[in-house]
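Below is one structure, written out as structure tokens; the observations come after it.
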Amino acid sequence: MLSHMSRSGVARPITLHGTPVLHTHCQPVTDFDNDLAKLVDDMFTSMYAAHGVGLAANQIGVGLRVFVYDCPDASGDHQVGHVVNPVLKPVSALAGTTTDTEGCLSVPGPQTPLR
Ligand SMILES: CSCC[C@H](NC=O)C(=O)O
């Protein structure tokens, strides 16, 4: 996989709320092949083009369980990666809390305070 600074992906349009792919369960990835690598590269390029810090595959119209991120952590260091077939689990109270705001590239405009 290329580093995020030298990716050769293609920026695809961001899918907006109301588009069926955003309202349908995404499918697990079963083939870890060049198509997946190209998808991840396109996702990074699309995310950066949209000035985002995270992007799911269905936000560029692909109904697969994949997301990419490039977020500063609490120290300001960028954490960059991609996740395939994520599983959501409750976070321990020991994980601590933080405050920030969050929006969604597929719902342009609103920002919600987080804690
Ligand atoms: C890590 S939450 C990211 C939220 C948003 N990305 C997708 O909609 C963005 O602002 O990039």
Side-chain angles (χ1 to χ4, degrees):
M1 201 65 62
L2 297 170
S3 84
H4 75 287
M5 297 302 290
S6 59
R7 289 185 179 278
S8 57
V10 175
R12 304 193 204 175
I14 300 296
T15 309
L16 296 178
H17 181 264
T19 306
V21 72
L22 292 180
H23 304 276
T24 306
H25 285 283
C26 291
Q27 298 302 306
V29 171
T30 56
D31 298 324
F32 291 78
D33 56 11
N34 284 339
D35 287 345
L36 177 61
K38 174 80 171 91
L39 172 63
V40 169
D41 284 343
D42 285 359
M43 290 171 65
F44 271 106
T45 301
S46 302
M47 178 182 72
Y48 292 131
H51 307 290
V53 294
L55 190 77
N58 60 353
Q59 291 186 283
I60 57 169
V62 177
L64 290 173
R65 295 181 188 167
V66 184
F67 71 87
V68 299
Y69 60 92
D70 183 344
C71 288
D73 63 19
S75 304
D77 296 326
H78 279 245
Q79 301 298 324
V80 182
H82 68 278
V83 178
V84 178
N85 296 336
V87 176
L88 191 61
K89 292 186 175 179
V91 176
S92 162
L94 295 176
T97 59
T98 187
T99 57
D100 206 338
T101 60
E102 183 171 295
C104 178
L105 297 173
S106 296
V107 186
Q111 293 283 314
T112 300
L114 301 175
R115 178 178 144 339

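Each residue takes its place number in the sequence, starting with 1. Just follow the structure's listing: the first ligand is 1, and inside any ligand the first atom is 1.
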note = of all protein heavy atoms, closest to atom 6 (N) of ligand 1 is G54 O, 2.8 Å
inquiry  = Considering both backbone and side-chain atoms of E102, is one of its nitrogen or oxygen atoms within less than 3.5 Å of a nitrogen or oxygen in ligand 1?
reply    = no
key: Numbering as shown, the atoms of ligand 1 that approach C104 to under 4.0 Å (heavy-atom distance)   = 8 (O)
query = With sequence neighbours excluded, what pairs up with H23 under the ring-ring contact (aromatic ring centres under 6.0 Å, His included) test?
reply = H17
note = atom 4 (C) of ligand 1 sits nearest the protein heavy atom G103 O, 3.3 Å
ask   = So, D33 side chain and L36 main chain: donor-acceptor pair closer than 3.5 Å or not?
value = yes
inquiry  = Residue-level breakdown please: for M47 versus ligand 1, do any non-hydrogen atoms fall below 4.0 Å on the side chain, on the backbone, on both, or on neither?
reply    = neither
request  = Ignoring hydrogens and angles, tell me if any N or O in the side chain of S106 forms a donor-acceptor pair with the backbone of L16 under 3.5 Å.
outcome  = no
message = Among all protein heavy atoms in this structure, tell me which lies nearest to atom 11 (O) of ligand 1, with the distance rounded to 0.1 Å.
response = V53 N, 2.7 Å
inquiry  = Looking at N58 and G61, would you say the former's side chain and the latter's main chain have a donor-acceptor pair under 3.5 Å?
reply    = no
ask   = Just by modelled atom types, is the G9 backbone N or O under 3.5 Å from a matching donor or acceptor in the D42 side chain?
value = no
task = May I ask you to identify the nearest protein heavy atom to atom 8 (O) of ligand 1, giving residue, atom name and distance to one decimal place in Å?
result = L105 N, 2.7 Å
key: Members sharing V53's hydrophobic cluster (side chains within less than 4.5 Å)   = none
key: Contacting atoms of ligand 1, where contact means under 4.0 angstrom from a heavy atom of G52   = 11 (O)
key: Under 3.5 Å donor-acceptor, N85 side chain and V29 backbone   = yes
task = State the atoms of ligand 1, each with its element, that fall below the 4.0 Å cut-off from a heavy-atom position in Q59.
result = 7 (C), 8 (O)
